[in-house]
S.K.: 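Sharing a structure with you now.
Below, read A as the first sequence line, B as the second, and so on, with proteins coming before strands; counting in each chain starts at 1.
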Amino acid sequence: MSSSITTRTGPAAPSRIRTARGRLLMVLRLHRSAMWIWIAFVVITAAVLLWLRFGPYGTAAAQVQAGCGTSGHRACSSTPLGADALHAFEYSVSNVSSLLRNFAPVVAAWAGGALIARELENGTAELAWTQAISPTRWLAEKLAVPAVLLTAGTGLLMFQFRGLLDWAGDHHLLRAGYETNDLYFAFGPSIVAYVLLGLTIGALTAFLTRGPLPALGISALATWTTSWVINPWRTQIWPTVTDTAKGDGPFGFAATPCEWDQADFKYSIDACLGAQPASRYWPVQLTETGFVLVLAVVAGAAAFWLMRRRTP
Amino acid sequence: MTDSAAALEATGLSMSYSRRKEAVLVDCSFRLPQGRICALAGPNGAGKSTLLRLAAGLLRPSSGTLTVLGQTPAEARSRIAYVAQSKPLPPHLSVTDTLRHGAELNRPSGRWDQQAAERIAYGDGGLKPAEKIRSLSGGQRTRIALALAFGKRAELMLLDEPMADLDPLARRQLTGALMSAATEHGTTIVMSSHVIAELEGSCDFLLLVAGGRLRLGGDIEEVMAAHTLLTGTSGTSVLDTGGHTVIDQRPAGRGCTALVRPHGEPAGDWLAERPTQEEVVLAHLRNTEAPPLLTETATPRSLQRAQRARSQENAA
C-alpha cells in the first residue's frame, strides 16, 4: 500500500483515468494466471511461426523449391525424392493452422469456467456486485479486458501466420488442393472474431449453467460446433468461377472447379481448389468476420440480459 | 436523503426461487429505522439469507417492495455493505490485494476508508498482508470479509451469520467494532443468526422470521414488554387464557408455564415474570400459529396509514 487513502468527503469525483487504470489492474490481478498463460501462448506461437519461416525447415524447403517452374528447371509440383524439409514444413504449417483455428473453444471454456461461472459459484461475483459497481458494469469490465488482450494477441498471430502463408506461396512451398484452398480463405480477421465469439458464448453459458464444469464443457462444445457449422459455408456462399486463367486462384494456382470424378486433374497441380479466385479473399473474410461478430454480440447481449433478469 | 427514510422497509415482500418450489419468504412487511442494530433471528432455512440478499440487491423479489435507505436496493448499492454467509473472497489474492480490490470497487462512491479496513483486517496482528486468502482459516476469512464491509463506510451493513466461525475473543473485538461504527457514524446494522444468545446484548431491534414469515418485529424492549411469562404453581395444568394471547404453554414441574401477550391483568393464581429474549424467541418458533407481532416502530408507513384509516372508519 503506497498510499492509505482516507476519503470521507463524499462522492468527490476521482480522476477517471485513475479509476479506469485501477479497474484494469484489478481485472488483470484477478485473472493473472490466465493472463500469463495467454502471453506465454502468444509469445511461443509467434516464436514458432518465426522459426518456421527462418528456421531450418523454412530455409531448406525454400532451397528445394528454388527456381522451380522456370525454364530449365522441374515443375514446382514434382517434388524431388528426399525433399523431407518440404514435407516437414507443410506438416508444421498444417499443425499450427489447426492450433490457431481450434483456439476459440479453449477461450470459450476458460471464459465460461474460470472467468464467470467460478465467480458466480463461489460468490465472488456477488461480492463485487455489493461493492459500489453494478453487475452490468462488472460484466462489461470482465469481458472488455480479455477481449482487448485476445484481439491483440490473436491479431498479431494471424498477421504473422498470413505473412508466413504468403511467403510459402511465393516460394512454392504449398501444394494445390482442398487444404491449401482452405488455408487461404480461412485465416484472417475471422479467427479473431471466433475467439471473441468464444468469449461471449462462455459468458452466456456461465449464466445459463451457473456451474464452472458444465459451463466449461458446454461453452467449448457450442463454440466448436458453431465454427464447424460455418466452415463449409465460407466459400460456398460465393458463386464459383468456371473458367479462370491460371494464376487467379489462391497462391497463384488456378481456380479450377473441383469434382471428385475429375480424374484428369487428379495429379494436376491446380486440382481441386474450390473455384474461388484469390481476389475474393477479403469479401470472404469480411463477410465471415461480420457474421461471427454478430453472433458474438448476440451471445454477449444474451449474457447481459440473463444477468439483468436475475439481479435488480 | 430525508432522515425519516427507513434503513429497510418491506411491504408484502415475497420471494420464491422458482415457480414450482415453495416460497422462501411470504408477505413480509416491516420497517427498520436507521441507526439500529438489528438481530435477524430464525431457524435454519427460515429465509434470513434470502431477506438479506434481497436487501443487498442480489435478488429480485417475486412480489412486494423493499426499499433500502429510501432507495431501491440497486440504487443504494454504494451505501450498503453485505457480508455473505460463505464469506466469498477470491482465493488466490493476498490480503493486501483483497483490500486493494475493495478500494478499487468502491472508488466510484469515494467513500472507501483504507484505515478502517486495515484496522479490522490486521486488528490483532494475526494476519500478514502477503498471506493468500486460500491459506486463511474460516475465522480469518470472516475478518477480511468484514474488513471490506468496514472499509466501505456503509450506512447499512447487512451481515449474514457474521460471528459463526469466530473465536470468542475475535467475536468480542468485532462486536466492539460494530458497536463503535454504529455509535460514531450512525450505521444501521442487520445481523442474522440462528444462535439467539449470539445476538443478545448487542442488538436493540429484533426481526424474527420462521417458515418464510415474519413472526416478531420491533424494538427489543417493546417486544419483550409485550410478553409475560406466567408460571402456574398449584397443580393447574391448563391456563385460564382469559383475554391473553397464548404463544406457548408447556408443563413445568407440577404446574405449567405459559408465554402470553397479556391484555389486562393476568387472571388466576399465576406468577408473572418478564421472559428472557430466548424464551420469547423460542416460544414463537415452537408455535408457528401464534399471531405475528409488529410494534409501531417496525410497521411500514404505508401499513400504518392504512391502519389509521381503518380505525378512523371504525370510529365514524
Side-chain angles (χ1 to χ4, degrees), chain A residues 1-36 114-115 118-138 141-142 145 210 306-312, chain B residues 17 52-61 66 68 72-94 96-118 129 133 145 148-149 151-154 158 185:
Chain A
M1 277 290 102
S2 53
S3 60
S4 49
I5 321 134
T6 314
T7 335
R8 276 289 280 158
T9 46
S15 103
R16 292 186 86 168
I17 299 162
R18 230 180 116 199
T19 308
R21 199 178 132 260
R23 227 52 100 51
L24 171 72
L25 290 177
M26 193 192 76
V27 175
L28 292 180
R29 208 182 295 131
L30 259 185
H31 301 284
R32 65 184 149 209
S33 44
M35 179 186 73
W36 288 120
L115 184 71
R118 192 179 54 181
E119 298 227 0
L120 290 178
E121 194 188 56
N122 68 17
T124 44
E126 296 195 339
L127 177 71
W129 302 349
T130 48
Q131 307 301 316
I133 65 165
S134 66
T136 315
R137 181 86 184 268
W138 171 85
E141 286 175 4
K142 274 267 187 233
V145 176
R210 298 208 99 182
L306 269 180
M307 188 189 65
R308 302 244 345 144
R309 206 182 58 149
R310 201 165 292 154
T311 55
Chain B
Y17 285 97
L52 290 177
R53 283 163 57 82
L54 283 167
L58 293 173
L59 292 175
R60 224 179 251 269
L66 177 66
V68 178
T72 66
E75 286 165 352
R77 208 179 287 285
S78 60
R79 302 165 67 203
I80 57 175
Y82 167 71
V83 175
Q85 194 169 4
S86 58
K87 319 292 180 305
L89 293 167
H92 55 285
L93 292 191
S94 67
T96 330
D97 280 347
T98 308
L99 296 185
R100 197 181 297 164
H101 200 77
E104 288 304 337
L105 286 170
N106 286 297
R107 199 179 286 240
S109 71
R111 290 163 172 259
W112 181 257
D113 183 345
Q114 183 71 20
Q115 281 167 352
E118 284 178 356
I133 297 295
L148 288 178
K152 199 175 173 183
R153 283 264 185 244
L158 305 162
H185 307 294

S.K.: Are Glu121(A) and Arg118(A) within salt-bridge range, i.e. N to O under 4.0 Å?
M.R.: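 Salt bridge between Glu121(A) and Arg118(A), a charged N being under 4.0 Å from a carboxylate O: no.
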S.K.: How long is the straight-line distance from CD of Gln131(A) back to CH2 of Trp112(B), given to the nearest 0.5 Å?
M.R.: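 Result: 6.5 Å between the selected atoms.
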S.K.: Give a yes or no answer on whether the side chain of Arg111(B) reaches the backbone of Arg153(B) with a donor-acceptor pair at less than 3.5 Å.
M.R.: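 Present.
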S.K.: Hey, which of Ala154(B), Gly57(B), Gly151(B), Ala116(B) has the most heavy atom pairs under 4.5 Å with chain A?
M.R.: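 Max contact count across the listed options: Gly57(B).
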S.K.: Using a strict cut-off of less than 4.0 Å between a Lys/Arg side-chain nitrogen and an Asp/Glu carboxylate oxygen, indicate whether Glu141(A) and Arg137(A) qualify as a salt bridge.
M.R.: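 Looking at Arg137(A) together with Glu141(A), the answer is yes, because their closest N to O distance falls below 4.0 Å.
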S.K.: Select, from Leu59(B), Leu105(B), Thr72(B), the one with the greatest count of heavy-atom pairs under 4.5 Å involving chain A.
M.R.: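 Top option by heavy-atom pairs under 4.5 Å: Leu105(B).
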S.K.: Let me know if Arg308(A) has heavy atoms under 4.5 Å from chain B in its side chain, its backbone, both or neither.
M.R.: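 Backbone only.
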S.K.: Heavy-atom pairs under 4.5 Å with chain B are the metric here; pick the option from Asn122(A), Ile133(A), Leu30(A), Leu25(A) that has the most.
M.R.: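 Among Asn122(A), Ile133(A), Leu30(A), Leu25(A), the one with the most close pairs to chain B is Leu30(A).
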S.K.: At a 4.5 Å cut-off on heavy atoms, which part of Arg23(A) comes close to chain B: side chain, backbone, both, or neither?
M.R.: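 For Arg23(A), heavy atoms of backbone and side chain both lie under 4.5 Å from chain B.
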S.K.: What residue in Leu93(B), Leu158(B), Asp97(B) has the most heavy-atom pairs under 4.5 Å with chain A?
M.R.: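 Going by pairs under 4.5 Å, I would pick Asp97(B).
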S.K.: Kindly say whether Thr130(A) contributes a backbone atom to a donor-acceptor pair with the side chain of Lys152(B) at under 3.5 angstrom?
M.R.: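 A pair under 3.5 Å: yes.
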S.K.: Ignoring hydrogens and angles, write down the donor-acceptor pairs under 3.5 Å from the side chains of residues 80-89 of chain B, residues two or more places apart or on other chains.
M.R.:
unit_1: Gln85(B); atom_1: OE1; unit_2: Ser49(B); atom_2: OG; d: 3.3
unit_1: Lys87(B); atom_1: NZ; unit_2: Gln85(B); atom_2: O; d: 2.9
unit_1: Lys87(B); atom_1: NZ; unit_2: Glu161(B); atom_2: O; d: 3.2

S.K.: Quick check on Arg309(A) against chain B: is it the side chain, the backbone, both or neither that has a heavy atom closer than 4.5 Å?
M.R.: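 Arg309(A) touches chain B through backbone heavy atoms alone.
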